[in-house]
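Naming convention: chains lettered A, B, ... in sequence-line order (proteins, then strands); numbering from 1 in each chain.
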Amino acid sequence: MNTASGEPVEEKKSLNFLEQLVEEDVKAGKNNGKVHTRFPPEPNGYLHIGHAKAICIDFGMAKDFGGKTNLRFDDTNPAKEETEYVDSIKEDIKWLGFDWDDREFYASDYFEQLYNWAVKIIKAGNAYVDDQSSDTIAEQKGTPTTPGTESPFRNRSVEENLDLFERMKNGEFEEGSKVLRAKIDMASSNMHLRDPLMYRILKKAHHRTGNKWCIYPMYDYAHGQSDYIEGITHSLCTLEFEVHRPLYNWFLEQVYEEGKPKPRQIEFARLNLSYTIMSKRKLLELVKDKHVSGWDDPRMPTLSGMRRRGYTPASIRNFVDTIGVTKTDGVSDVLLLEHSVRDDLNKIAPRVMAVLNPLKMIITNYPEGKTEELETPNNPEDENAGSRMIPFSREIYIEQEDFMIDPPGKFFRLAPGKEVRLKSAFIVRCDDYKMNSTTGEPEEIYCSYFPETRSGGSEANRKVKGTLHWVSVPQALKAEVRLYDRLFSDPEPDGHKDVDFKEFLNPDSLKVSECYVEPGLATAKALEHFQFQRIGYFNVDPDSRPGKLVFNRTVALKDSWAKAGA
RNA sequence: UGUCCUGUGGUGUAAUUGGCAACACGUCUGAUUCUGGAUCAGAAGAGUUCAGGUUCGAGACCUGACAGGACAACCA
C-alpha cells in the first residue's frame with residue numbers, strides 16, 4: 001500500500017497479547033534481547049490441527065523477533081512413547097512449512113543433567129524421598145479447598161535422601177515403592193505446589209535410552225529445566241499449564257545461574273474446533289476401535305489426515321493466522337477452516353471435468369463416431385495456468401442433478417425444451433428423454449447441439465442461463481471417489497457430560513462411489529489437488545494406482561443453489 | 001464452595017497514554033460470470049455478562065456480583 005506521495009504505509013497490524021509481552025521483554029533487554037522458543041511434543045500420538053496452532057505460534061514468534069525455535073521431544077514417560085510418533089511428528093512439522101535446522105532435541109538427552117540437579121536440590125534440603133504408596137500420597141494431597149498433610153518421610157536427613165535416591169537410580173527398589181518429591185508447601189492453595197513428584201521408578205525400556213535408567217523425571221521437573229538447558233527465552237504453552245507456572249519458576253530458581261537466559265512461560269488458549277475432537281486419547285480410541293482407517297484417515301483432524309484429505313499447508317497456516325492468539329478459550333467454527341482451504345485451492349487447483357452421478361446425453365445431430373478436441377482453461381483464477389485439450393463426442397455424461405423433467409422456476413440447468421451450455425463446448429437443447437422403467441428415473445436424454453455456439457465460435461456469445469460440466473463417454477475414465485463429510489454430527493462431540501463422543505459419529509462421514517473423469521487425469525499423482533468443476537476440491541489418494549484412480553473430496557464448493565433449498 | 005484464568009455481533013478476533021465499537025468468516029440483497037464457484041457493490045446483526053463507582057467522556061480504570069474454564073495422574 002502506498003500514499004499519494006509514494007511513501008510506503010506500514011500496514012498496522014495490532015500485536016496479539018503474546019507478541020506484546022515478548023516485545024516488552026525484548027525492549028527491556030531481557031536475555032540480551034534474544035528470543036528463542038521451542039515446540040515440545042510428547043511422542044505419544046500424531047500431531048493434529050491443535051498442534052498446528054502451537055507450531056505456528058512457537059515458530060512464528062521466534063521468526064518475527066529474529067530468533068530460533070528448537071524441536072524438543074518431551075519423552076519422559078517410556079510407557080507411552082514410541083519412535084513411530086517421533087518420525088510422523090517431524091514429517092508433519094516440515095510439511096507445515098517449518099524447520100528446526102539441526103536443533104532436534106530430546107528431554108531424554110538431559111537425564112544425566114536432570115539427575116545431577118535433583119541431587120543438588122536434595123542437598124539444598126528442598127527434595128526428599130518418600131516411601132509411601134501413590135494412594136497414600138494422593139490422600140495426603142488434600143483437595144482444592146482443604147490443605148494437604150505432610151508425609152512422615154518429609155524430614156529425612158539429606159544424607160539418607162541422597163543414599164535412597166542413588167539406590168533408586170541403581171534399581172534397588174521396586175516400581176512404585178519410592179518417589180522423589182520437591183519439598184515446597186503441603187498447604188499451598190495451588191495443588192501443584194503440594195510437594196510435587198520429581199521422579200518415579202519405572203522399570204521400562206525407553207525408546208532412546210533403553211534400559212539405562214529406571215527412574216524417570218516428571219513433566220514439571222523435566223520441562224522447565226530442559227527449557228533452561230536449551231537457552232529458551234519464552235516457553236509458550238496452552239492455558240492448562242497456567243497453574244503450573246509457579247512450579248515451573250520454583251524448579252528454575254533451584255538451579256538458575258546469573259547471566260544465563262531465564263525462560264518465561266506464557267500460556268495461550270488451545271484450539272477447539274466445532275464438530276471435531278482434539279483429545280489424543282480419544283483420537284487413539286477411534287484408531288484402535290477402527291472407527292477410522294488410521295491416524296491418517298482423511299476424516300481425522302491430524303495433520304497426516306488433513307494432508308491426505310487435501311488440505312494445504314498454506315491453508316492451515318492462514319487459518320491459524322485468522323483465529324488469532326488469545327487467552328479466552330472458545331470454539332472456532334470449522335467453517336473458518338473450510339473457507340481457508342477453498343480460498344487457497346481456488347488459487348492453485350487445476351479445474352477438471354468429473355461426473356459423480358452420470359446421466360447419458362446423446363447429441364442426436366452430432367456425427368456418429370466423430371471426436372473433437374476442445375480447449376479449456378486449466379484455472380481461470382491463474383493466468384499462468386494455461387489450457388489443455390479435452391475430447392468431445394456424440395455421447396457424454398452429465399450430472400443427474402443437472403437435469404429435471406419438471407423443474408422449478410429458478411432452475412438454470414437442463415430440462416425438456418431448455419438450452420444449456422456445455423462448459424468449453426457447445427450450447428445444447430434437450431429434445432427428449434427416456435425413462436428407466438424400473439427406477440422411474442431418466443435414463444438417457446436426447447439433445448441437439450448448435451455447431452456455431454462452440455466456445456470461441458460465431459454464436460458463442462448467445463446467452464444461456466446455465467453451464468454444465470461433462471465428460472465424453474468413449475474417453476471417460478472410471479475412478480473411485482471418496483466423499484468425506486464431518487466425522488461428527490454434533491458441534492461439540494466431547495462436550496456432553498453424559499454422552500460418549502462416539503455416539504455422535506456421523507454415519508455418512510464417508511461415501512465411496514464411482515465417477516467418470518476426463519482422460520487427462522490418468523497420470524495424476526498422489527496428493528495432487530484438483531477442482532472437479534462445479535462440484536468441489538478433490539485430491540488423489542495415496543491408494544490411487546494407474547488404471548485405478550482414487551480421489552478424496554477435500555471440501556465441496558459453496559453451493560448457493562443447494563442452500564436455497566431447491 | 002479454595003486458588004488461578006477468562007467474559008466484545010452467530011463464530012473467531014480488533015479497538016496500543018480512556019475519545020462516537022473495527023475486521024474476517026457466516027447470513028441476506030444486487031451486479032457480473034462459459035463453474036449457481038470466484039469476483040465486485042451493499043445490507044442486516046453487538047452498545048462490549050450485570051450492577052455500582054471514578055471521569056467532560058469507560059469495552060478499557062476501581063468495587064462487587066454473575067457466568068464459563070483450569071487445578072486434587074508415580075500423564076504431558
Legend entry - Of the listed nucleotides B/A38, B/A14, B/U11, the one nearest the side chain of A/S14: B/A14

Legend entry - Selection from B/G37, B/G36, B/C5 that lies nearest to any side-chain heavy atom of A/T467: B/G36

Inset, instruction - Tell me which nucleotide among B/G36, B/G12, B/A76 gets nearest to the side chain of A/T76. - result: B/A76

Legend entry - Cationic N near anionic O, under 4.0 Å, A/R462 to A/E459: yes

Inset, instruction - Assign each of A/L15 and A/D559 to its nearest nucleotide of RNA chain B by heavy atoms, then name whichever residue's nucleotide is nearer the 5' end. - result: A/L15

Inset, instruction - Pick base, sugar-phosphate or nothing for A/E242, based on heavy-atom distances below 4.0 Å to the nucleic acid. - result: sugar-phosphate

Inset, instruction - Please give the nucleotide sitting opposite B/A65 as a Watson-Crick or G-U wobble pair, both distances under 3.5 Å, or none. - result: B/U49

Inset, instruction - Could you please name the option among B/A73, B/U35, B/G36 that lies closest to any side-chain atom of A/F411? - result: B/G36

Inset, instruction - Name the nucleic acid region contacted by A/Q531, choosing base, sugar-phosphate or nothing; use a 4.0 angstrom heavy-atom cut-off, strictly under. - result: base

Inset, instruction - Establish, for the pair A/R72 and A/F105, whether the NZ or CZ atom is under 6.0 angstrom from the six-membered ring centre and no further than 45 degrees off its axis. - result: no

Legend entry - Phosphate-side-chain proximity, A/T328 and B/C5, N/O vs OP1/OP2 below 4.0 Å: no

Inset, instruction - For this output row, return yes or no: ring centroids of A/H206 and A/F111 closer than 6.0 angstrom. - result: yes

Inset, instruction - Look at the side chain of A/E240 and decide which nucleotide, out of B/A70, B/G12, B/G2, has an atom nearest to it. - result: B/A70

Inset, instruction - Would you mind classifying the nucleic acid contact of A/V464 as base, sugar-phosphate or nothing, using non-hydrogen atoms under 4.0 angstrom? - result: nothing

Inset, instruction - Determine the contact category for A/H244: base if any of its heavy atoms lies under 4.0 Å from a base atom, sugar-phosphate if only primed atoms, P, OP1 or OP2 are that close, otherwise nothing. - result: base

Inset, instruction - Examine A/K327 relative to A/F268 and say whether NZ or CZ is less than 6.0 Å from the centre of the six-membered ring and inside a 45° cone about the ring axis. - result: no

Inset, instruction - Look through every strand shown and name the nucleotide pairing with B/U54 as Watson-Crick or G-U wobble, where both distances are under 3.5 Å. - result: none

Inset, instruction - Check every strand shown and say whether A/G456 touches a base, only sugar-phosphate, or nothing at a heavy-atom separation below 4.0 Å. - result: base

Inset, instruction - Answer yes or no for this row: A/Y219 ring on B/A76 base, centroids under 5.5 Å, planes under 30°. - result: no

Legend entry - A/D109 and A/R208 ion-paired at < 4.0 Å: yes

Inset, instruction - Determine, using ring centers only, whether A/Y248 and A/H244 are less than 6.0 Å apart. - result: no

Inset, instruction - Tell me what A/E19 touches on the nucleic acid: a base, only sugar-phosphate, or nothing, going by heavy atoms under 4.0 Å. - result: nothing

Inset, instruction - Could you check whether A/P380 gets within reach of a base, just the sugar-phosphate, or nothing at all, counting any heavy atom under 4.0 Å? - result: base

Inset, instruction - Would you kindly check if the NZ (Lys) or CZ (Arg) of A/R181 is within the cone defined by 45 degrees around the ring axis of A/Y128 and under 6.0 Å from the six-membered ring centre? - result: no

Legend entry - Conformer about C1'-N of B/G47 - syn within 90° of 0, anti elsewhere: syn

Inset, instruction - Describe the nucleic acid contact of A/Y199 in one word from base, sugar-phosphate, nothing, applying a heavy-atom distance below 4.0 Å. - result: nothing

Inset, instruction - Look at all strands and tell whether A/L239 reaches a base, only sugar-phosphate, or nothing, counting heavy atoms closer than 4.0 Å. - result: nothing

Legend entry - Opposite nucleotide pairing with B/G36, Watson-Crick or G-U, both atom distances under 3.5 Å: none

Inset, instruction - Return no unless some side-chain N or O of A/S189 is found under 4.0 Å from OP1 or OP2 of B/G2. - result: no

Inset, instruction - Consider the side chain of A/M218, meaning its heavy atoms from C-beta on, and name the nucleotide among B/U35, B/G12, B/C75 that approaches it most closely. - result: B/C75

Legend entry - Paired nucleotide for B/C75 [Watson-Crick or G-U wobble; both distances under 3.5 Å]: none

Inset, instruction - Please tell me which of A/N346 and A/K463 maps to the more 5' nucleotide of RNA chain B, matching each residue to the nucleotide holding its nearest heavy atom. - result: A/K463

Legend entry - Of the listed nucleotides B/U35, B/C5, B/C74, the one nearest the side chain of A/V179: B/C74

Legend entry - Candidates B/U1, B/C75, B/G36 - which lies nearest the side chain of A/T145: B/U1

Legend entry - Under-4.0 Å side-chain N/O to phosphate OP1/OP2 contact, A/K558 with B/A38: yes

Inset, instruction - Output yes when at least one side-chain N/O atom of A/K141 is less than 4.0 Å from OP1 or OP2 of B/C71, else no. - result: no

Inset, instruction - Describe the nucleic acid contact of A/N77 in one word from base, sugar-phosphate, nothing, applying a heavy-atom distance below 4.0 Å. - result: sugar-phosphate

Legend entry - Residue A/M191, side-chain atoms from C-beta onward, closest of B/C28, B/C71, B/U6: B/C71

Inset, instruction - For B/A76, take OP1 and OP2 only and decide whether either is under 4.0 Å from a side-chain N or O of A/R200. - result: yes

Legend entry - Trace of the salt bridge (Lys or Arg N to Asp or Glu O under 4.0 Å) decision for A/D195 with A/R154: CA-CA 9 Å; A/D195 290 10; A/R154 197 171 198 263; 2.7 Å; yes

Inset, instruction - Determine: side-chain N/O of A/R534 to OP1/OP2 of B/G36, distance under 4.0 Å, yes or no. - result: yes

Legend entry - Pairing partner of B/G12 (Watson-Crick or G-U wobble, both distances under 3.5 Å): B/C23

Inset, instruction - Tell me what A/K410 touches on the nucleic acid: a base, only sugar-phosphate, or nothing, going by heavy atoms under 4.0 Å. - result: base

Inset, instruction - Look at the side-chain N and O atoms of A/K563 and state whether any lies under 4.0 Å from the OP1 or OP2 oxygen of B/C28. - result: yes

Inset, instruction - Would you indicate what A/G330 reaches in the nucleic acid, counting non-hydrogen atoms under 4.0 angstrom: base, sugar-phosphate, or nothing? - result: sugar-phosphate

Inset, instruction - Ignoring the backbone of A/I137, work out which of B/C74, B/G36, B/U3 is nearest its side chain. - result: B/C74

Legend entry - For B/C28, the Watson-Crick or wobble counterpart (both distances under 3.5 Å): B/G42

Legend entry - Atom pair distance, as rounded to whole Å: CG in A/L193 and P in B/C4: 13 Å

Inset, instruction - Report which part of the nucleic acid A/S560 touches: base, sugar-phosphate, or nothing (heavy-atom distance under 4.0 Å, all strands). - result: sugar-phosphate

Inset, instruction - For this output row, return yes or no: ring centroids of A/F426 and A/F392 closer than 6.0 angstrom. - result: yes

